[in-house]
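Structure first, then comments.
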Protein chains: 2
Amino acid sequence: MAKVSMREVADRAGVSVGTVSHVVNGSSKVAEATARKVNEAIEELGFVRNAAARQLRSGHSNSLGLVVLDTSNPFFASVAHGARQACDEAGLALLIGDSGTDEQREGKYLDLFAEQRVNGLLVTPTGSDLSRLESIASRGTPVMLVDRDSNGYALSSVTVDNIAGGRMALDHIIAGGCIRPVFIGGPQSLPQVADRLAGAAERAHQSGLDLPVYSTPELTILAGRDAGEKVVGLPADRRPDAVFCANDLLAVGFMQAVIMFSDLRIPDDIAILGYDDIDYAFSTIVPLTSVRQPAAMVGRTAVETLLQENASASGDHHDRRFTPELVVRGSTRPV
Amino acid sequence: MAKVSMREVADRAGVSVGTVSHVVNGSSKVAEATARKVNEAIEELGFVRNAAARQLRSGHSNSLGLVVLDTSNPFFASVAHGARQACDEAGLALLIGDSGTDEQREGKYLDLFAEQRVNGLLVTPTGSDLSRLESIASRGTPVMLVDRDSNGYALSSVTVDNIAGGRMALDHIIAGGCIRPVFIGGPQSLPQVADRLAGAAERAHQSGLDLPVYSTPELTILAGRDAGEKVVGLPADRRPDAVFCANDLLAVGFMQAVIMFSDLRIPDDIAILGYDDIDYAFSTIVPLTSVRQPAAMVGRTAVETLLQENASASGDHHDRRFTPELVVRGSTRPV
DNA sequence: CAACAATATTGAAACGTTTCAATACTATCG
DNA sequence: CGATAGTATTGAAACGTTTCAATATTGTTG
């Protein structure tokens, strides 16, 4: 392992440790000739500075921690991508944790990041109790909720309006003439899911329609396929004519089930509407109508806002909310 | 920020710093009563141990570094997922870098990870010169190539046989009766792309066929769509009847272009074959025939092999190679 | 109860930086 | 040439752990 320290570089170059540090960091003017000697010594010995020591001394880590629900979900992948770019620009490292909607794992990553003394935390929490995050924030580590409302807690947040998204979805379904919509999604404990449902249910009821819910254990293609199998097996008079899925993965899976296990035509017999507008939505068997979220923008904004709040040190919190956008494709009936 | 150190915990609990350390790490037997006092003090003061100090003292970081070409590519997302699981099981943190096939960025992450004193490095290199990695490895940090041959360099690797995959693809295309195949992919400097092409070209030539190449700047849906636009615009007598895409994203994009900009029928007028078998391949407009790679397994194996080699400390290298598998769906003509 | 073993606890050194006051140089000017 | 003002360099003190030899506290035994 790289066992060479500044001490050895200093000896080799015939200068003091302090000077080496100054050369390495440009923290103070060093004479041309001295700098050259030091750089040669560094080169020859293969010196690599030790992040742990540097960080211990300086007190912080130049890094941010991000905890998301599922990195293999393209929505969060995009969020992470946007956050990463913003971090790169700010010269910060980004540590990423994947909680898998498991509070334990989420906690494990929060511990890890706390020990790492990250400059800030971006979190999409799994549970409803945000008091731990609040106390972390009150102890001085800025915390930014990602895709989750602060909702009373003293925390900042960057969100996309899920209720509005749910409304858009149902409005579109109703405008297309569907009269037996269902909602597919879960776990219901996720506010993202609950809010999309709330918005959708509101509109359904306003139009005098019912909106039955098929709960799924997770937001994956597989879960969507399972739900789809059940739904297409229903007798025709109880079968929905439109499904609003809590995300695109579910919608993709649902569509697979419709194709494989039934002769139903999309959208004529059954319309399918997703959420997120992932890249693949455009390419599905029947191109998917979806509610688009500015995912990368969410990640980027979360980082930037966090850094701003950090700089201003004023201690007040911001809630930045984006509005989603309906993207109509072939999987729903045109209005 | 968490400014409380073991010193303060020790004072509060009326014990020495050493004892606090033992309680925190279970590194030595501590009397029940003492442990309780210490834990109370920790609780009351909100002590969080400082990773930097601990790591500085102990000399390493309990972490692995992974650098991939593109985290938003589902193949690498799966690799990362597998690696992460294996790391979790081994109690290691996984730091992930995304080089975006940019040697500079790759280098930046290698620097970062070196400073972090990671226990090992998993890398899918962008360029062809692996001497830097070799020298890192020779200096004692285990390096594992991921999805990339060691090819003469003194490095271990976990790969999937791309040449074999290319052969499978063309064999299938030829068996389906196509006589004007093309290859779409790039940059050609990526060995993954070059090898898939090499295997494919070999089979094409064995059957007396030509295999023109449409080079793309990257392996994305967008690049595939661009390539598709060009190809479908060709006059019928020069238009291919089968395209083998270097990955599924290209294939997805290509398919989009075919649907949008032509009346060609898939697979009758033009067959499309992808590579990776990402989750979405199953759900495309016409379900995609693809060469499946055991991506998560690659990530997991890379971590496990690295840890084994690390433990045995014998300094010899292993090349683990998986064989891909053809998954036939509707986008190619059945044999 | 003395002597010893076993078990708990302590104290201080070391890890490799950064930082900053103090010192050593150089050049400039009157 | 002496004083002065910069400019370069140095030295040593932190930072918060872990580790380990040394010491203190028990418990056990003859």
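All values reported here derive from a predicted model rather than from experimental measurement. The sequence lines fix the lettering, A, B, ..., with proteins before strands; numbering per chain opens at 1.
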Taking only Lys NZ, Arg NE, NH1 and NH2, and the carboxylate oxygens of Asp or Glu, determine whether [X] and [Y] approach each other closer than 4.0 Å.
{"X": "R84(A)", "Y": "D88(A)", "result": "no"}
{"X": "D111(A)", "Y": "R132(A)", "result": "yes"}
{"X": "E304(A)", "Y": "R300(A)", "result": "yes"}

Nearest-angstrom distance from the residue atom [atom1] of [X] to [atom2] of [N]:
{"X": "I42(B)", "N": "dG16(D)", "atom1": "CD1", "atom2": "P", "value": "16 Å"}
{"X": "R54(B)", "N": "dT17(C)", "atom1": "CZ", "atom2": "C1'", "value": "19 Å"}
{"X": "E115(B)", "N": "dC15(C)", "atom1": "CD", "atom2": "C1'", "value": "17 Å"}
{"X": "R117(B)", "N": "dC15(C)", "atom1": "CZ", "atom2": "C1'", "value": "11 Å"}
{"X": "K3(A)", "N": "dC15(C)", "atom1": "NZ", "atom2": "P", "value": "13 Å"}
{"X": "R7(A)", "N": "dT18(C)", "atom1": "CZ", "atom2": "P", "value": "14 Å"}
{"X": "N25(A)", "N": "dC20(C)", "atom1": "CG", "atom2": "C1'", "value": "15 Å"}
{"X": "Q55(A)", "N": "dT19(C)", "atom1": "CD", "atom2": "P", "value": "13 Å"}

Test: R49(A) cationic atom under 6.0 Å from F47(A) six-membered ring centre, within 45° of axis
no
Check whether NZ of the Lys or CZ of the Arg R105(A) lies under 6.0 Å from the centre of the six-membered ring of Y109(A) and within 45 degrees of that ring's axis.
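No, a cation-pi geometry is absent between R105(A) and Y109(A).
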Under 3.5 Å donor-acceptor, E106(A) side chain and P125(A) backbone:
no
Just by modelled atom types, is the A137(B) backbone N or O under 3.5 Å from a matching donor or acceptor in the T141(B) side chain?
no
Letter by letter from the 5' end, nucleotides 7-14 of chain C scores (B base, S sugar-phosphate only, - none; protein heavy atoms under 4.0 Å) -SBB--BB
Base, sugar-phosphate, or nothing: which does S21(A) touch, judged by heavy atoms less than 4.0 Å apart?
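If one applies the 4.0 Å heavy-atom cut-off, S21(A) turns out to touch a base.
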Look at all strands and tell whether R49(A) reaches a base, only sugar-phosphate, or nothing, counting heavy atoms closer than 4.0 Å.
sugar-phosphate
Check this one for me: any side-chain N or O of N50(A) less than 4.0 Å away from OP1 or OP2 of dC15(C)?
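Looking at the OP1 and OP2 atoms of dC15(C), neither is under 4.0 Å from any side-chain N or O of N50(A).
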